[in-house]
Amino acid sequence: PAGGPHKSCLVRRPFACTEPLSLKPLGEATGELGIRIPRPLGHGPSRFIPEKETVEVGREDAAMHALFADAFATLGRLDNVTLVMVFHPQYLESFLKTQHYLLQMDGPLPLHYRHYIGIMAAARHQCSYLVNLHVNDFLHVGGDPKWLNGLENAPQKLQNLGELNKMLAHRPWLITKEHIEVNPQLLKTEENSWSLAELIHAVVLLTHYHSLASFTFGCGISPEIDCEGGHTFRPPSVSNYCICDISNGYHGGDEHPGSPAASLPSLCEVEALMEKMKQLQECRDEEEASQEEMATRFEREKRESMLVCSSEDEESAPARDVSRHFEDTSYGYKDFSRHGMHVPTFRAQDYSWEDHGYSLVNRLYPDVGQLLDEKFHIAYNLTYNTMAMHKDVDTSMLRRAIWNYIHCMFGIRYDDYDYGEINQLLDRSFKVYIKTVVCTPEKTTKRMYDSFWRQFEHSEKVHVNLLLVEARMQAELLYALRAITRYMT
């Protein structure tokens with residue numbers, strides 16, 4: 001309708017109707033009319049979060065409705081990522097603005113290249129959800145369908161991004177200026193080379209979609225009903241039903257039964273964490289560790305982070321065949337100091353986002369540095385001063401521990417941070433979840449999600465994922481931008 005989408009129009013429902021239909025049982029309808037009626041496979045936007053605890057479209061407040069309208073206008077749909085991110089509207093607004101700029105506004109790369117790079121990046125983590133979305137968008141903006149048969153069918157210029165894509169996704173600490181100079185021939189003066197501005201655009205897109213794959217798996221995002229893996233044609237258990245019920249999410253049963261641990265959590269978990277925060281603050285006030293001791297604690301935490309791994313009996317999330325969109329399928333995450341390999345510590349004061357990365361991005365791709373900076377700051381500083389049922393809590397210490405732990409796993413050290421705090425604030429199940437979501441997101445399971453912070457709200461766990469997304473993206477960007485800076489100088 002004129003003036004923007006109406007609430008009831010916000011979700012693309014290709015199978016919806018305006019009046020209830022009295023249909024015969026599915027078998028008869030299929031036999032007589034040849035109609036196959038889809039039913040949603042998922043219960044709500046997330047496999048991990050009960051549907052009743054997410055925002056119900058049509059009952060959102062005015063501010064959320066405006067965000068939904070923006071998302072719909074930008075994406076042509078109200079996707080499940082948005083419906084989970086809206087737990088934190090301030091962040092969602094920044095995220096949508098940044099993604100819209102990267103994909104649709106003026107920039108160095110043509111539109112179909114942008115979506116293809118999104119496909120390449122999401123495929124590295126077997127994220128079929130994001131791959132499928134961008135396959136559709138790629139075709140919509142005029143992309144060549146042949147490219148979708150495999151990366152080898154895409155232009156050599158895009159193939160030349162393959163090495164950078166795999167290293168950024170799995171081992172960004174190995175990226176040096178030599179990779180920009182030689183492997184691949186990115187910036188040479190030839191037909192298939194990239195300009196510096198194009199390369200910055202490509203790097204930001206790659207890191208954006210690697211991180212968004214982490215969010216998709218970390219929050220258990222379900223495919224929409226009209227997407228692959230989002231529907232089934234099996235008959236429902238009732239014989240008479242309305243097609244509107246199906247397209248609007250009607251289903252039987254409950255796929256989110258509360259586990260005993262979830263329904264009867266120990267009350268001491270949150271209080272113990274708050275007590276540790278209080279004690280650490282008191283220790284800070286009393287004395288400060290020497291720089292030598294701080295460096296030792298960082299190296300200890302870095303070594304310990306390599307010992308954190310998901311349980312061997314954890315099953316990987318089922319992945320569809322998306323491997324044709326990238327090369328070297330055997331290349332994956334490896335800890336940076338395994339097998340005697342020593343990777344020098346990346347000292348944040350030598351190359352930081354604030355002092356170096358931001359200005360490089362903004363110079364070569366105007367406004368994007370500002371948008372990314374705003375998004376990083378919102379995720380890092382976001383707080384409602386609550387922890388589970390407790391109010392008026394300063395959570396800055398906990399948020400900083402999560403952010404710095406992720407950067408520690410990437411070999412990035414802040415001289416002014418005491419890494420001894422991490423072991424005090426992040427227990428092992430939480431570390432397993434963080435490392436899995438950040439490094440091998442396709443292996444994230446509901447069991448991992450349920451096992452940490454059992455007494456906290458789902459909105460708080462989504463907030464954790466926002467920290468993971470942005471800390472990971474910034475870490476990848478720092479390694480890539482440092483290499484590009486060294487190449488330029």
Pairs where [range] contributes a residue and the test salt bridge (Lys or Arg N to Asp or Glu O under 4.0 Å) is met, not counting sequence neighbours:
{"range": "residues 377-399", "result": "none"}
{"range": "residues 202-220", "result": "none"}
{"range": "residues 360-375", "result": "K97-E374, K375-E470"}

Begin with the C-alpha distance, continue with both residues' side-chain angles, and end with the deciding distance and a verdict on side-chain contact (heavy atoms from CB on, under 4.5 Å) for F138 and H134. CA-CA 6 Å; F138 171 77; H134 285 280; 5.8 Å; no

Could you check whether any side-chain N or O of [X] sits under 3.5 Å from a backbone N or O of [Y], counting only pairs where one atom can act as donor and the other as acceptor?
{"X": "T207", "Y": "V203", "answer": "yes"}
{"X": "T440", "Y": "K443", "answer": "no"}
{"X": "H458", "Y": "E53", "answer": "no"}
{"X": "R472", "Y": "V438", "answer": "yes"}
{"X": "N165", "Y": "L161", "answer": "no"}
{"X": "T383", "Y": "N385", "answer": "yes"}
{"X": "E198", "Y": "S195", "answer": "yes"}
{"X": "E60", "Y": "V57", "answer": "no"}
{"X": "E269", "Y": "R454", "answer": "yes"}
{"X": "N80", "Y": "S222", "answer": "yes"}

Can K461 be said to sit on top of W453's aromatic six-ring, NZ or CZ under 6.0 Å from centre and within 45° of the ring axis? no

With the side chain counted from C-beta on, respond yes when [X] and [Y] share a heavy-atom pair under 4.5 Å apart, and no when they do not.
{"X": "L478", "Y": "F410", "value": "no"}
{"X": "Y479", "Y": "I412", "value": "yes"}
{"X": "T436", "Y": "F217", "value": "no"}
{"X": "V84", "Y": "V462", "value": "yes"}
{"X": "L481", "Y": "W353", "value": "yes"}
{"X": "L372", "Y": "M473", "value": "yes"}
{"X": "L468", "Y": "F215", "value": "no"}
{"X": "L364", "Y": "L199", "value": "no"}

With side-chain contact (heavy atoms from CB on, under 4.5 Å) as the test, would you mind laying out the steps for V131 and Q126 before giving the verdict? CA-CA 8 Å; V131 168; Q126 305 169 43; over 6 Å; no

Interatomic distance, [X] atom [atom1] to [Y] atom [atom2] [nearest 0.5 angstrom]:
{"X": "T98", "Y": "M105", "atom1": "OG1", "atom2": "CE", "answer": "12.0 Å"}
{"X": "I221", "Y": "M85", "atom1": "CD1", "atom2": "CE", "answer": "8.0 Å"}
{"X": "L83", "Y": "E51", "atom1": "CG", "atom2": "CD", "answer": "10.0 Å"}
{"X": "I434", "Y": "I406", "atom1": "CD1", "atom2": "CD1", "answer": "5.5 Å"}
{"X": "W403", "Y": "I422", "atom1": "CH2", "atom2": "CD1", "answer": "14.0 Å"}
{"X": "K446", "Y": "Y449", "atom1": "NZ", "atom2": "OH", "answer": "8.5 Å"}

Give a yes or no on whether the ring-centroid distance for [X] and [Y] is below 6.0 angstrom.
{"X": "F346", "Y": "W173", "answer": "no"}
{"X": "Y91", "Y": "H377", "answer": "no"}
{"X": "H170", "Y": "H125", "answer": "yes"}
{"X": "H88", "Y": "Y384", "answer": "yes"}

Could you pull out the closest heavy-atom pair between [X] and [Y], with the gap in Å?
{"X": "T395", "Y": "M277", "result": "CA-CE, 4.2 Å"}
{"X": "N465", "Y": "S214", "result": "OD1-O, 4.2 Å"}
{"X": "M409", "Y": "C439", "result": "CE-SG, 4.4 Å"}
{"X": "M64", "Y": "P89", "result": "CE-CG, 4.1 Å"}
{"X": "L130", "Y": "A213", "result": "CD1-N, 3.6 Å"}
{"X": "L273", "Y": "L425", "result": "CD1-O, 3.4 Å"}

Parallel, tilted or perpendicular, judged at 30° and 60°: which one describes the rings of [X] and [Y]?
{"X": "Y351", "Y": "H356", "value": "parallel"}
{"X": "W147", "Y": "Y116", "value": "perpendicular"}
{"X": "F452", "Y": "F430", "value": "parallel"}

Are there over 12 heavy-atom neighbours, none belonging to N381, within less than 6.0 Å of that residue's CG? yes

Using a cut-off of 6.0 Å, state whether more than 12 heavy atoms not belonging to Q99 lie near its atom CD. yes

Going by the side chain to side chain donor-acceptor pair (under 3.5 Å) test, name the single residue among Y113, W194, Y365 that passes it with H201. Y365

What's the verdict on ring pair (Phe, Tyr, Trp, His ring centres under 6.0 Å) for H407 and Y417, showing C-alpha distance, side-chain angles and the deciding distance? CA-CA 12 Å; H407 279 201; Y417 183 69; over 10 Å; no

Please determine, by modelled atom types, if E163 and H179 share a side-chain donor-acceptor pair under 3.5 angstrom. no

Regarding Y129 and E224, is there a side-chain donor-to-acceptor distance under 3.5 Å anywhere? yes

Testing N362, L477, V361 for side chain to side chain contact (heavy atoms under 4.5 Å, CB included) with I200, which one passes? V361

Give the intermediate values and the outcome of side-chain contact (heavy atoms from CB on, under 4.5 Å) for residues R77 and L133. CA-CA 11 Å; R77 65 191 300 122; L133 286 181; 4.2 Å; yes

List the steps, then state whether side-chain contact (heavy atoms from CB on, under 4.5 Å) holds for I484 with L360. CA-CA 9 Å; I484 293 170; L360 176 62; 4.3 Å; yes

